[in-house]
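Below is one structure, written out as structure tokens, with a few remarks after it.
Basis for what follows: all heavy atoms, side chains included, without hydrogens, waters or symmetry-related copies. One-based numbering, in listed order, for ligands and for the atoms of each.
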Amino acid sequence: MNRPALYRAKVDNKAPSTAKVTRLQLSYVDPSEMHFEPGKFVNLKCPNGKYRAYSIASDYKNTKALELLIETGHNGLGSNYVRSLKLQDEVEIIGPSGKFFLRDLLPMHLVFFATGTGIAPFYAMFHKLIDLKYVGKVEVYFGNRTKELIIEPQLLDYFSNQLADFTVIHYLSQEVDVPITEPNVKAGRVTQALDECDDFSAQYYICGHPDMVDYVSNFLSQKGIPQDQIIVEGFTHSQS
Ligand SMILES: Cc1cc2nc3c(=O)[nH]c(=O)nc-3n(C[C@H](O)[C@H](O)[C@H](O)COP(=O)(O)OP(=O)(O)OC[C@H]3O[C@@H](n4cnc5c(N)ncnc54)[C@H](O)[C@@H]3O)c2cc1C
């Protein structure tokens, strides 16, 4: 287990992933390498000595650089700071942190619930599932407001091609009146997928908006899914 440490890192790449999310690639300067378990996050030092937590979205095998998917469509400390960063700028991060990671014993059915940038730690975890040659069923329920706000859909295609049984169902909460023709796209909230969750042997990983995380985990608990099979990360907003 790697303990969190302070890293200086530099901005190698910065590009819009959607209209509201920036993909930020940082390479480590000092120390020059970081090992992390997929699912972990780093704290990015923002102005006024304040920090914002961002989950690592990239492949854990790359120990020289990491990628973050950061909400930058609003007026916030982290959002504004990341928008202001330029290539080669140096930043400070502390990590890897958190208790959100794939459990050691994986059953033959994994279910992932995400909203928005909540998909970031799952992208890192899916790289590990590929390396583990995981052959069980992987279901991803991914909620966004509109189709245009789905983060890095091409990566989902990649995971679908690499993993034996990988399905993504998209839930679009603000396209309720728009005709949807793709079989894996539904109108409404991602919590609608709960009707289909009745496997008591599956592991459930839930990440994103804290209200969604609470709702889904409470619902699964009440259904009788054992607590140790419900693994959560709520993207709670910082109080400062
Ligand atoms: C463990 C953990 C992992 C996280 N991982 C990620 C991640 O991978 N990517 C990521 O983007 N965030 C992630 N977050 C959330 C992140 O740390 C920030 O809290 C969030 O991005 C808002 O920070 P900010 O500084 O931009 O806004 P703040 O300065 O904290 O907030 C300013 C105002 O903006 C509002 N606001 C905040 N977010 C939004 C939004 N998305 N849309 C509209 N208004 C908003 C706030 O309610 C507040 O009124 C994570 C949080 C935790 C706890």
Side-chain angles (χ1 to χ4, degrees), residues 1-4 7 9 11 13-26 34 36-60 62 65-85 91-102 112-128 140 142-146 148-153 155-156 172-174 189-190 205-214 216-217 230-240:
M1 184 79 72
N2 286 296
R3 298 170 76 87
Y7 287 79
V11 177
N13 205 353
K14 185 183 143 185
S17 173
T18 69
K20 290 178 185 288
V21 173
T22 298
R23 169 173 277 269
L24 185 69
Q25 185 181 317
L26 303 173
M34 183 168 90
F36 69 94
E37 188 68 14
K40 299 254 175 172
F41 67 90
V42 294
N43 278 300
L44 175 69
K45 189 172 182 186
C46 297
N48 307 327
K50 298 197 168 127
Y51 288 84
R52 290 294 183 265
Y54 297 113
S55 300
I56 306 174
S58 48
D59 191 339
Y60 66 106
N62 186 353
L66 87 174
E67 286 177 356
L68 306 172
L69 293 167
I70 300 179
E71 292 260 9
T72 46
H74 60 284
N75 181 20
L77 183 77
S79 168
N80 296 345
Y81 176 57
V82 170
R83 274 206 310 271
S84 77
L85 288 172
V91 300
E92 280 184 14
I93 52 175
I94 296 175
S97 300
K99 295 181 179 147
F100 193 60
F101 47 83
L102 290 168
F112 295 86
F113 275 87
T115 49
T117 49
I119 199 74
F122 294 157
Y123 283 160
M125 289 177 179
F126 297 155
H127 284 291
K128 182 160 176 187
V140 184
F142 190 11
N144 285 284
R145 288 188 180 148
T146 63
E148 289 68 39
L149 295 178
I150 297 174
I151 299 165
E152 321 262 313
L155 255 180
L156 289 166
L172 304 177
S173 61
Q174 288 186 1
R189 291 186 181 275
V190 71
Y205 292 84
I206 311 158
C207 186
H209 195 286
D211 292 346
M212 182 281 288
V213 172
D214 285 351
V216 172
S217 61
I230 305 171
I231 301 112
V232 303
E233 182 90 287
F235 281 3
T236 44
H237 289 165
S238 185
Q239 297 306 306
S240 57

Practice task
Starting from the C-alpha separation in whole Å, work towards a yes-or-no answer on side-chain contact (heavy atoms from CB on, under 4.5 Å) for M34 and N2.
Solution key: CA-CA 9 Å; M34 183 168 90; N2 286 296; over 6 Å; no
Exercise for the section: Please lay out, stage by stage, how F142 and V190 fare under the test side-chain contact (heavy atoms from CB on, under 4.5 Å). Expected result: CA-CA 6 Å; F142 190 11; V190 71; 5.9 Å; no
Practice task
Could you go through the side-chain contact (heavy atoms from CB on, under 4.5 Å) check for L26 and Y7 one step at a time?
Solution key: CA-CA 11 Å; L26 303 173; Y7 287 79; over 6 Å; no
Exercise for the section: Applying side-chain contact (heavy atoms from CB on, under 4.5 Å), run through L44 and V82 and close with a yes or a no. Expected result: CA-CA 10 Å; L44 175 69; V82 170; 3.9 Å; yes
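A pairwise comparison of heavy atoms in E37 and K128 identifies OE2-NZ, 2.7 Å as the closest pair.
Comparing F235, Y123, F100, Y51 against atom 3 (C) of ligand 1, the shortest heavy-atom distance belongs to F235. With H209, E71, H237, K40 as candidates, the residue nearest to atom 38 (N) of ligand 1 on a non-hydrogen basis is H237. In this structure, of K99, K50, H74, R52, the residue bringing a heavy atom nearest to atom 43 (C) of ligand 1 is H74. Scanning L24, I70, L69, L77 for the heavy atom closest to atom 9 (N) of ligand 1 points to L69.
In this structure F41 satisfies the ring pair (Phe, Tyr, Trp, His ring centres under 6.0 Å) test with no other residue, sequence neighbours excluded.
Every N/O-N/O distance between F41 and ligand 1 stays at or above 3.5 Å. Considering backbone and side-chain N/O of E233, none are found under 3.5 Å from N/O of ligand 1. At a 3.5 angstrom cut-off on N or O pairs, G78 counts as close to ligand 1.
Of all atoms in ligand 1, numbered sequentially from 1 with element shown, those under 4.0 Å from a heavy atom of S55 are 3 (C), 4 (C), 5 (N), 6 (C), 7 (C), 8 (O). Annotation for ligand 1: atoms under 4.0 Å from non-hydrogen atoms of S79 are 26 (O). Close approach of ligand 1 to N75 (heavy-atom distance below 4.0 Å) involves ligand atoms 32 (C), 33 (C), 34 (O).
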Under 3.5 Å, which donor-acceptor pairs link side chains of residues 118-126 to any protein atom two or more places apart or in another chain?
| unit_1 | atom_1 | unit_2 | atom_2 | d |
| --- | --- | --- | --- | --- |
| Y123 | OH | I151 | O | 2.6 |
| Y123 | OH | E152 | O | 3.3 |

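Judged purely by atom type and a 3.5 angstrom limit, T72 has no side-chain atom pairing as donor or acceptor with the backbone of R83.
Residue contact check for ligand 1: G234 places a non-hydrogen atom closer than 4.0 Å to it.
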